[in-house]
Visitor: 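I have a structure here, written as structure tokens, and I will follow up with some questions on it.
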Amino acid sequence: MRSLLRFLRSEPFAVAGAAIYAVIIAAALLAERIAPHSPTEILRANRRIARYMPASADFWLGTTSSGYDIASQLIHGARTALQVGLTAAVAVVAIGTLLGLLAGYLGGWVDKAVTRLADIVLGLPFLPSMLVLAALTRPGTLTVVCTVAALLWPNTARVIRSQVLSLRERAWVEAARVTGCSNARIMFVHILPQVLPLAALYGSVAIGWAILAEAAASFLGFGDPATISWGVMLQDAYANQALSRGAWNWFVPPGAAILAMALAGFMISRGSEKLLFPKLGGS
Amino acid sequence: MSAVISAENLEKTFHVGGRTVHAVRGVSLAVSAGEALGIVGESGCGKTTTARMLLRLEDPTAGRITFEGTDITATRGAALLAFRAKAQLVFQNPFDALNPRFTIGRSLAEPLRNFGVAKSEHEARIAAAMARVRLTPAADWLDRHPHELSGGQLQRVVLARSLLPGPKLIVADEPVSMLDVSVRAGILNLLRAARDELGLAAIYISHDLALIRYVCERTLVMYLGRVVEEGPTPALIERPRHPYTKALVAAVPVPHVMQDRAPLPIKGALSDAPLSGPGCAFRDRCPLAFDRCAAEAPPLRNIGEGRKLACHLGDEA
């Protein structure tokens with residue numbers, strides 16, 4: 001416990017990242033209670049639709065051109081962001097770890113096939129590939145998650161593979177063979193637990209990427225317009241010329257939220273990198 | 001006495017970056033129940049590869065391995081699993097031989113689980129194995145992780161694990177070379193006691209002639225993948241016949257300053273040795289080499305007293 005505290009104090013970035021996540025998770029869990037209005041309710045003021053209201057006690061961040069409360073949309077948008085981020089991260093970790101483990105431990109043609117496929121996917125430009133995939137399939141958050149998973153697994157798979165390559169030469173892996181373990185048991189019971197922390201690190205990076213990707217896809221019109229997300233908010237603001245109207249209260253908050261969450265993921269992964277590889281040093 | 005394990009003309013070639021390395025070239029051996037065979041030789045002589053082939057951790061390029069009368073050279077699946085239960089390995093580095101994330105108890109339960117021992121028997125069998133290696137009471141140890149134990153304690157756990165499936169053969173690859181000198185004898189005595197009480201066949205791999213002399217009845221001397229001399233350990237060490245064996249014996253530190261033992265220096269290093277072509281593989285380093293050594297390789301032949309030798313000099317002697 002004490003060493004944990006000391007670690008946290010030595011890693012202000014990780015603590016800041018974790019704090020940002022805590023705020024976002026709290027907002028997502030308690031969205032109904034915190035948000036002053038329904039994010040999909042067209043609000044009225046003085047019997048007219050409340051368009052372009054500035055920030056006030058009633059509308060914390062003002063309203064949109066259609067009379068929606070921006071603060072409420074922002075709070076509910078945290079839910080989508082977390083859903084997209086976490087499912088994408090879990091998918092990236094699952095696919096990357098599985099393929100990396102198989103390639104590293106089995107070697108031979110499995111290794112060749114996985115590394116070749118990873119090289120190809122790594123060669124694809126991220127955003128254009130995502131747009132093509134989104135255009136070919138149904139727009140929506142599921143598409144975004146699948147695309148992020150399909151494009152980001154190679155980084156995880158490569159790192160896990162190289163880690164497994166070194167682990168499988170250890171005497172205790174040979175001991176597992178001598179004591180009758182099947183290949184599957186050696187991979188999933190003996191080796192997997194040792195590479196999971198590393199996989200989780202890459203998962204935390206994937207969270208940031210997934211949120212950026214979701215925002216970008218929504219902004220470009222490939223998202224699901226029915227969901228409330230930060231990307232959809234930005235797209236709405238853009239389509240209604242919020243910038244030229246000087247409606248800073250409309251487009252700055254969702255942009256800042258996206259930035260903060262993506263940044264938090266990278267800051268946490270930086271901190272956990274030090275925890276996992278203390279010998280790397282750095283400042 | 002029939003052999004527990006025997007091997008005929010084992011060969012192993014590795015292909016490393018376009019180069020072919022002949023690690024083991026035609027090694028034959030046999031070990032009976034209750035007998036201990038030593039394999040000595042310097043690094044890279046193929047002794048560990050031979051042991052790994054005998055345990056089916058490496059597939060031989062050529063040759064045959066027979067275990068309890070059955071050919072196991074290429075067995076797979078259930079038959080291989082049955083063989084694994086009967087042929088166990090004691091590792092050189094006890095600090096690396098146990099999964100660092102597993103408790104001692106979990107590591108010891110692995111062989112029992114994998115070889116299909118009923119879960120209700122696990123506790124009793126683990127306790128018995130721990131008692132055999134003098135780690136008692138077992139309950140004090142089972143919840144610990146490997147990093148909490150010393151090297152000697154870890155090697156006892158490794159030994160206990162190897163005894164748990166009820167093996168007929170134990171291969172010990174440099175079993176004490178990573179341990180403090182003070183605990184070496186203890187581990188070797190435990191190994192010997194287990195061997196005597198359970199009637200196990202044992203193979204010790206080492207570069208240490210003192211260890212081999214202490215525990216092995218018979219010894220093979222390997223050089224560059226070949227057996228160059230074989231025989232009862234006391235005779236082999238007291239009256240070595242092959243120039244390489246003589247050099248190995250001469251290299252053992254002598255506790256008595258005045259003891260008379262003529263050193264027989266050999267020339268060069270391992271990399272100078274001819275890797276192919278006709279002739280004796282040892283000829284470049286041999287102080288006694290003559291014309292015939294470059295022309296034809298000496299075969300391993302019987303020279304009486306249960307000894308075998310692969311050297312042309314034996315002819316004149």
Side-chain angles (χ1 to χ4, degrees), chain A residues 1 3-4 7 93 97-98 100-102 104-112 115 159-201 203 272 275-279, chain B residues 48 51-52 54-58 76-102 106-117 129 145-146 154-155 157-167 169-174 178:
Chain A
M1 196 62 217
S3 62
L4 182 71
F7 173 72
V93 167
T97 308
L98 181 67
L101 197 55
L102 290 173
Y105 185 76
L106 297 176
W109 67 267
V110 181
D111 188 24
K112 278 203 182 100
T115 31
V159 174
I160 297 300
R161 172 183 170 271
S162 62
Q163 190 75 7
V164 172
L165 278 180
S166 98
L167 284 178
R168 77 163 182 196
E169 300 300 326
R170 302 284 294 275
W172 49 262
V173 171
E174 190 144 290
R177 277 177 80 194
V178 173
T179 50
C181 290
S182 62
N183 277 340
R185 187 168 174 84
I186 293 176
M187 277 191 281
F188 294 108
V189 178
H190 286 266
I191 295 181
L192 180 64
Q194 322 238 354
V195 297
L196 269 186
L198 192 62
L201 167 65
S272 57
L275 190 63
L276 289 175
F277 311 105
K279 284 177 189 157
Chain B
T48 295
R52 289 173 52 86
L54 293 175
L55 288 169
R56 285 299 313 281
L57 289 168
E58 199 91 66
R76 305 223 158 271
L80 180 61
L81 193 65
F83 165 71
R84 291 234 184 280
K86 291 182 176 177
Q88 286 292 310
L89 175 61
V90 175
F91 290 83
Q92 172 174 16
N93 182 356
F95 296 98
D96 199 40
L98 296 164
N99 189 326
R101 297 279 169 100
F102 283 20
R106 197 169 167 207
S107 279
L108 290 175
E110 272 295 284
L112 296 177
R113 181 206 163 275
N114 293 329
F115 295 129
V117 175
H145 281 83
L154 286 172
Q155 196 63 314
V157 173
V158 171
L159 182 57
R161 178 177 63 185
S162 70
L163 295 173
L164 268 169
L169 167 72
I170 291 267
V171 176
D173 188 355
E174 305 273 15
M178 298 283 287

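Predicted model, so just to flag it, every value in this text is computed and none were measured. Within every chain, numbering begins at 1; the chains are lettered A, B, ... in the order of the sequence lines, protein sequences first and strands thereafter.
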Visitor: Should the pair B:Glu110-A:Arg185 be classified as a salt bridge under the 4.0 Å nitrogen-to-oxygen rule?
Guide: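 Yes, charged N to carboxylate O under 4.0 Å.
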Visitor: With a 4.5 angstrom heavy-atom cut-off, could you sort out which part of B:Phe95 is near chain A: side chain, backbone, both or neither?
Guide: neither
Visitor: Taking every non-hydrogen pair under 4.5 Å, which of A:Ala176, A:Cys181, A:Pro193 racks up the most with chain B?
Guide: A:Cys181
Visitor: By a 4.5 Å heavy-atom criterion (distance strictly below it), what part of A:Val173 contacts chain B: side chain, backbone, both, or neither?
Guide: neither
Visitor: Name the region of B:Leu98, side chain, backbone, both or neither, that has any atom closer than 4.5 Å to a heavy atom of chain A.
Guide: backbone
Visitor: Which atoms form the tightest heavy-atom contact between A:Ile160 and A:Thr97, and what is the distance?
Guide: CG2-O, 3.9 Å
Visitor: Would you please name every residue forming a salt bridge (charged side-chain N to carboxylate O under 4.0 Å, His left out) with A:Arg177, sequence neighbours left out?
Guide: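 Per chain and number, A:Arg177 pairs via salt bridge (charged side-chain N to carboxylate O under 4.0 Å, His left out) with no residue.
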Visitor: Among B:Ser107, B:Pro111, B:Ser162, single out the residue with the greatest number of heavy-atom pairs under 4.5 Å to chain A.
Guide: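 Option with the greatest count: B:Pro111.
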Visitor: Picking from B:Val158, B:Leu57, B:Asn93, which has the most non-hydrogen pairs under 4.5 angstrom with chain A?
Guide: B:Leu57
Visitor: For the pair A:Glu174 (side chain) and A:Arg170 (backbone), establish whether a donor and an acceptor sit closer than 3.5 Å, ignoring hydrogens and angles.
Guide: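 Looks like no, no N/O pair under 3.5 Å.
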Visitor: If only atom types and distance count, is the side chain of B:Gln88 paired as donor or acceptor with the main-chain N or O of B:Leu163 below 3.5 Å?
Guide: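 Checked: no pair found.
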Visitor: Just to verify, what does A:Arg161 make a side-chain hydrogen bond (donor to acceptor under 3.5 Å, both in side chains) with, not counting sequence neighbours?
Guide: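 side-chain hydrogen bond (donor to acceptor under 3.5 Å, both in side chains) check on A:Arg161 returns A:Asp111.
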Visitor: Could you look at B:Arg56 and say if it's the side chain, the backbone, both or neither that has a heavy atom under 4.5 Å from chain A?
Guide: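 The backbone, not the side chain.
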Visitor: Looking at B:Ala87, B:Ala85, B:Pro100, which one has more heavy-atom pairs under 4.5 Å with chain A than the rest?
Guide: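 Counting heavy-atom pairs under 4.5 Å, the top option is B:Pro100.
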